[in-house]
Amino acid sequence: MITQPFLAGVLQRTRPSDSSGGRCYLHVSPKIWKLSSAVKHLKRCTGGIGPYRWTPFIMPRTKVAQILRETLSGTEVDVRGWVRTKRESKQNFAFLEVNDGSCLANIQVVVDANVPDYAILIKQISTGASVAIIGEVKESLGKGQRVEIHARQLTVLGTSDALTYPLQKKGHSLEFLREKAHLRPRTNTFGAMARVRNSLCATIHDFFQTRGFLYVQTPIITTSDCEGAGQVFQVTTLDLAKLQQFKGPIDYSRDFFGKKAGLTVSGQLEGEIYATALGDVYTFGPTFRAENSNTTRHLAEFWMVEPEMPFYVLEENMDLAESFVRSIVKGVMDRCQADLEFFNERFEPTLLASLQNIVENEFIRLTYTEAIEILEKSGHSFEYPISWGNDMHSEHERYLTEQHFKQPVILTDYPREIKSFYMRCNEDGKTVRAMDVLVPRIGEIIGGSQREERHDALIDRMKECHLDPEDYWWYLELRQYGTVPHSGFGLGLERTVQLVTGMTNIRDCIPFPRTPKSAEF
Ligand code: 4AD
Ligand code: MG
């Protein structure tokens, strides 16, 4: 049944196949028409050709971004969004700042007593209310905006109780907003974040698609631990409460998949399957790690982009990673200028300069061994002491990229003990063909390597890493049948959002962060 929550609306005849719209609008006011009589009338006007639909909106919606981009002075528009502020004057008019999420800027709406039911409607509006406005776009005489809308009609779609609405005009802390993840996208900061994230994803796909890479979807549920680090979230339908009563090993043959399964920590291994058949590929999807690290750069659920290229040696892998980072940073600078200026002004005053630096300059490349020497000679006092053979902490990575080189750095040839089993071993017997890309303010943003393509060497490495080659039989077969040198890397999306927005905490770089003890929403 069609309900009519609003005083007026339109009955439309829609012919979706007709690109001209093929629409016949009939303005319906229930004061005059019963809906059934309106339908009858419309049928008469249109010769009975349907289908018909009821909509409370008389005109097509115009987004604020379009109004500001194209100015549109003199045109009538229908704008819908959420009220950020209301300023009422005693002379029977009011200013509304309305945001519809299409851009950072609000549109100012001037509402005066000529608007039907002005006095009633304006009382219903407070911060957070949703409204639809039909009015004319005019050059603004006031300060702060080029254009504004002079309302002819105002509809309050949803009120918002001023006493309880959590987002008041005064700024809120990021910690507070994390607890309001359902409302924080309505703030400038998280609206900007969402737009930047969106543009990053679009640029990432553009980068690979224009280079002929194939987008491959790898599984989220898997039975192999790619990183071999035991940080896998288990997936099971076994009854945990019942299991508790039994002593002894769990019989996974009774579990859903017939063996122990978990959420993927990386799509790389499956990516290699497609790369060694189809050529250059990339995966881009959610990734899960059950590491209990409460840091500003770790999430339990994050998104990773993983290209995998046959016939690439490590140097080509580095070239691709460098042009990838530089080009997606440039892409976001081009697409989200206003949002990045906002982050520069509000959160990180060196942001735009540091992004420009990334786009314009080549990355420094050196080995892990050389980097350790620099750190040891630096005279800097680190919280965690560093020496050859130890994994770097973010403080060491940041020292190298922020203070020593003052630009992004690619470190290669890490000790084999601290890197994953699939990385190609160097002739020195001590290091592997690994590469990490380090950027200012974050540290590691990319981890990658040339892969071990030699069957026997890979088995040796698996044993060294206490992994059972039987569990990786299909991965080993890629080395038995037509093996090729190949390489790839993984870029963390949220760390990249951190990089381009200057936000210090990764929890503010994903819509719904998952961290130890936190999975609300
Ligand atoms: O260095 P990682 O662990 O490498 C891999 O997973 C490889 N299999 C990638 C490959 O070669 N295809 O992770 C890659 C990147 C890191 O550099 C970081 O940006 C991000 O993924 N990352 C995380 N981001 C947020 N939270 C976490 N817990 C992350 N762990 C890794
Ligand atoms: Mg890594």
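Every number for a ligand or one of its atoms is a count from 1 in the order of the listing. Since this is a predicted model, take the numbers as computed values, not measurements.
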Requested in this report: Could you check atom 16 (C) of ligand 1 against the protein and tell me its nearest heavy-atom contact, residue, atom and distance included?
Outcome: E444 OE2, 3.2 Å
Query raised in the report: Hey, which protein N/O/S atoms does the Mg ion (ligand 2) have under 2.8 Å?
Result: E444 OE2
Report summary line: side-chain contact (heavy atoms from CB on, under 4.5 Å) filter on E291, not counting sequence neighbours, yields Q231, R289, S293, H298
Requested in this report: Pick one of side chain, backbone, both or neither for how I506 approaches ligand 1, counting any non-hydrogen atom pair under 4.0 Å.
Outcome: side chain
**Report entry** Heteroatom proximity flag, H298 to ligand 1, N/O under 3.5 Å
**Finding:** no
Report summary line: By side-chain contact (heavy atoms from CB on, under 4.5 Å), A181 pairs with (sequence neighbours left out) R184, F512, F521
Query - Min N/O separation L299 to ligand 1 under 3.5 Å - result: yes
Query - Pairing residues for E464 by the side-chain hydrogen bond (donor to acceptor under 3.5 Å, both in side chains) criterion, not counting sequence neighbours - result: R416, R461
Query - Heteroatom proximity flag, E306 to ligand 1, N/O under 3.5 Å - result: yes
Requested in this report: Please say whether V265 places an N or O atom under 3.5 Å from an N or O atom belonging to ligand 1.
Outcome: no
Query raised in the report: Who's the nearest protein heavy-atom neighbour of atom 24 (N) of ligand 1, and how far?
Result: F302 CD1, 3.5 Å
Requested in this report: Pick whichever of E272, R289, E291 has a heavy atom sitting closest to atom 28 (N) of ligand 1.
Outcome: E291
Report task. Note the single closest protein heavy atom to atom 5 (C) of ligand 1, along with its residue, its atom name and the distance in Å. Result -> E227 OE2, 3.4 Å
Report summary line: If we number the atoms of ligand 1 from 1 as shown, the ones under 4.0 Å from a heavy atom of M304 are 6 (O), 13 (O), 14 (C), 15 (C), 21 (O)
